[in-house]
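Note sheet for the following structure.
Residue numbers start from 1 in every chain, and the chains themselves are labelled A, B, ... in the order their sequence lines are given, proteins ahead of strands.
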Amino acid sequence: MAKLAKLDDIVSLCKRRGFIFQSSEIYGGLASCYDYGPLGAELKRNVRQAWWKAVVQMRDDVVGLDCSILMHPMVWKSSGHADKFADLVTVCKKCNTRTRVDHLQDKTDGKGAEEHTEHVNIETEAAKEHNLSNKVCPACQTVGQFGPPMAFKLMFETQMGANADDQMTLYLRPETAQGIFANFRNVLDSTRVKVPFGIGQIGKSFRNEVTTKAFIFRTREFEQAELEFFCKPGTDEEWYEHWKAARFNWYLNLGIKKENLRFRDHDPDELAHYAKACVDVEYKFPFGQGDWQELEGIANRTDYDLRQHQRGMKTMNDWYETKGDLVNIKLKDEDPEYHKGPLSFFDEEAKERYIPYVIEPSAGIDRGTLAFLVDAYDEEEVKGETRSVLRFHPHLAPIKAAIFPLVKKDGMPEIATKLYNDLKGCFTTFYDEKGAVGRRYRRQDEAGTPYCLTIDGQTKEDNTVTVRERDSMEQSRVNIDQVKAYLREKLDL
RNA sequence: GCGGGUGUAGUUCAGUGGUAGAACACCAGCUUCCCAAGCUGGAUACGCCAGUUCGAUUCUGGUCACCCGCACCA
């Protein structure tokens, strides 16, 4: 049974406890932008860390990377984003609704609409004649009252360079993946990795979406954790299954309830042009119509990206000749011997060169963070009172342990402070001596702190402290000198 | 973007064309040897900008933001 029934409850909880705030709130807010508060920042950091540990640190076949957000514009020409990462839209003059041109239906036969299409190629699409006189507005059913088709660009633009002369239009990356492909050669040359291997990266991406809405599920600025796993063509389907299972289990191992998690395979006509297969890991958020929302997509990107960048590398003359006019640059045709190109891999065992295939698990860190938060939330009756508690997996808990003196006298605060100082270098800890101890326990329950350590009268007699466990509220005694080791073991850190 | 709704303290809600109220939460002190106890005291709010008015949190207009639905998107 969902404890948080509506989006409002979640937003309210996030604000009240300092997990997530509206960005620029003192100025009335900025649409689609959110800030992580003290607890949220810790939680999100732990989500990142858990991803990195599972996908990079614990794997012998994956290395990490941290690319710049701004990259050479040709990266986006080669990847297709400069041409295709846009929608051709038109506005209905009657009701002002904006609709994608390729989604409009004919009045007569209801045909002509392409469903689930990817972003269109703006160059060619804009050049085409678009006769919209027979098209129906999906919002108000008016026929043929459309303005001229316009490109709606999904990449944020910015300018680099102080002088007008040497200014260059750059784009905020719409995905972190391309930075990995652009560094494929560097990683190969510097790390002695061999296919099959992966490169993982966590970082911010930006997409100027037409609409956002729904709290932090679709924001224009968001954080991705992406792995590009390079493998020999022919083994790609195997690795696809491998990462499907690995990523699904990652969520389960971090405490997401199984009934709230599922796969959803993409229909063939829903696939991006480069993808051979794609599946979403979805979480059932407890609001709306019990909406299943994507947390992560796992795609088989084939050898598309590396091959495209090989074409891009050959096209640099055009880049200089057109003074960087991406629209008028045409990527050079692919070399017939492309599989021996600069982004190919020489397989020592098979004694052959090839462009590896890529399996890409791409997770939304913000969505994941919220899913963990929502999934951990619980309310229960304790002596007629409602106890609200966040049952985070210990790895994700923003605070690992809280240290209390039972009362603020008899030397207890001194011992507690000493313990706190001893622990804070190893764990995120919290010290509190205010008010009744029961209140302090409950406060930590709401923050999701798995353990509370209380210094009491007995501490001075036998050097033990009370360890109070969040989920069961049970207490046990541990020698003060063994607390650090005890927590390490319990928290599995 | 469209339609509908909302915006008062940290949260959930009252209320008024003339000094803005509660509950819980928070802070300080007292008390307190184990689960939101008690007592005393305290701080904090009418989203923003205009207009009407002697006076606007209240009326009007605009704007910003959020929620629901549609559309869009993954």
Applying side-chain hydrogen bond (donor to acceptor under 3.5 Å, both in side chains) to A:T454 and A:R468, what does each step give before you reach the verdict? CA-CA 8 Å; A:T454 302; A:R468 184 265 195 184; over 6 Å; no
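For A:R442, the listed nucleotide lying nearest its side chain is B:rA36; candidates were B:rA36, B:rC73, B:rU11. Checking B:rC73, B:rA65, B:rU32 against every side-chain atom of A:Q22, the shortest atom distance belongs to B:rA65. You'll find that the side chain of A:R16 is closest to B:rU11, out of B:rU11, B:rC33, B:rC35. Among B:rC35, B:rC33, B:rU11, the nucleotide with an atom closest to any side-chain atom of A:Q475 is B:rC35. Side-chain proximity of A:F215 to the nucleotides B:rC66, B:rC33, B:rC67 is greatest for B:rC67.
Only the P atoms considered, B:rA50 is 16 Å distant from B:rC64, to the nearest whole Å. Separation of the P atoms belonging to B:rA23 and B:rG62 is 39 Å when rounded to the nearest angstrom. Rounded to whole Å, the separation between the C1' atoms of B:rC26 and B:rG69 comes to 38 Å. Rounded to whole Å, the separation between the P atoms of B:rG1 and B:rG42 comes to 49 Å. Remark: the separation of the P atoms in B:rC46 and B:rU11 is 13 Å, to the nearest Å. Comparing the P positions of B:rC49 and B:rA45 gives an interatomic distance of 15 Å, to the nearest angstrom. Comparing the same atom, C1', in B:rU12 and in B:rG17 gives a spacing of 27 Å after rounding to whole Å. Going from the P atom of B:rG4 to that of B:rU63 covers 15 Å, rounded to whole Å.
Remark: of the listed residues A:Y451, A:Y441, A:F430, A:Y441 is the sole one forming a ring-ring contact (aromatic ring centres under 6.0 Å, His included) with A:F404.
Distance CG (A:D432) to C1' (B:rC35): 14 Å, rounded to an integer number of Å. Distance CZ (A:F404) to P (B:rC35): 13 Å, rounded to an integer number of Å. Between the CD1 atom of A:I20 and the P atom of B:rC67 there is a distance of 12 Å, rounded to whole Å. The interatomic distance linking A:L154 (CG) with B:rC73 (P) rounds to 10 Å, in whole Å. We find that CG of A:N208 is positioned 13 Å from C1' of B:rC73, with the value rounded to whole Å. In this entry the distance linking CE of A:M412 with P of B:rC33 reads 8 Å, nearest Å. The CG-C1' distance, from A:D456 to B:rC34, rounds to 8 Å in whole Å. For the pair A:E282 CD and B:rC73 P, the computed distance is 17 Å after rounding to whole Å.
Between the side chains of A:E175 and A:S205, no donor-acceptor pair is found at a separation under 3.5 Å.
For A:K400, there are no side chain to side chain donor-acceptor pair (under 3.5 Å) partners, not counting sequence neighbours.
Within the 4.5 Å cutoff, the side chain of A:K204 has no heavy atoms near those of the A:F222 side chain. In this structure, A:Y34 and A:S23 have side chains that are not in contact, with every pair of non-hydrogen atoms separated by 4.5 Å or more. Using a 4.5 Å cut-off on side-chain heavy atoms (C-beta onward), A:L390 and A:E446 make no contact.
Between A:K15 and B:rG10, a side-chain N or O to OP1/OP2 separation shorter than 4.0 Å is absent. Taking only side-chain nitrogens and oxygens, A:S12 comes nearer than 4.0 Å to OP1 or OP2 of B:rU12.
Within 4.0 Å (heavy atoms only), A:D445 reaches no atom of the nucleic acid at all. Heavy atoms of A:R264 sit under 4.0 angstrom from at least one base atom.
Using a distance-only test at 3.5 Å, with no hydrogens or angles considered, no donor-acceptor pair links the side chain of A:R470 to the main chain of A:V389. Panel note: side chain A:D445, backbone A:G448; no donor-acceptor pair is recorded below 3.5 Å.
In this structure, A:I26 and A:R387 both approach RNA chain B, and ranking their closest nucleotides by distance from the 5' end singles out A:R387. For A:Y34 and A:S388, each mapped to the nucleotide of RNA chain B holding its nearest heavy atom, the one lying further toward the 5' end belongs to A:S388.
Within the model, atoms CZ of A:R173 and CD1 of A:I69 stand 5.0 Å from one another, a figure rounded to the nearest 0.5 Å.
Within 6.0 Å of the CD atom in A:E489, the count of heavy atoms belonging to other residues, nucleotides or ligands does not exceed 12.
At a cut-off of 3.5 angstrom, the base of B:rC48 holds no donor-acceptor pair with the side chain of A:Y27.
With pairs defined as Watson-Crick or G-U wobble and both atom distances under 3.5 Å, the stems of at least three pairs that touch RNA chain B come out as B:1-7 with B:64-70, B:10-13 with B:21-24, B:26-30 with B:38-42, B:47-51 with B:59-63.
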If the sugar-phosphate is the primed atoms plus P, OP1 and OP2 and the base is the rest, what is the B/S/- string for nucleotides 25-31 of chain B, using protein heavy atoms under 4.0 Å? SS-S---
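The aromatic rings of A:F230 and A:F181 lie perpendicular to each other, with more than 60° between the two planes, well past the 30° mark.
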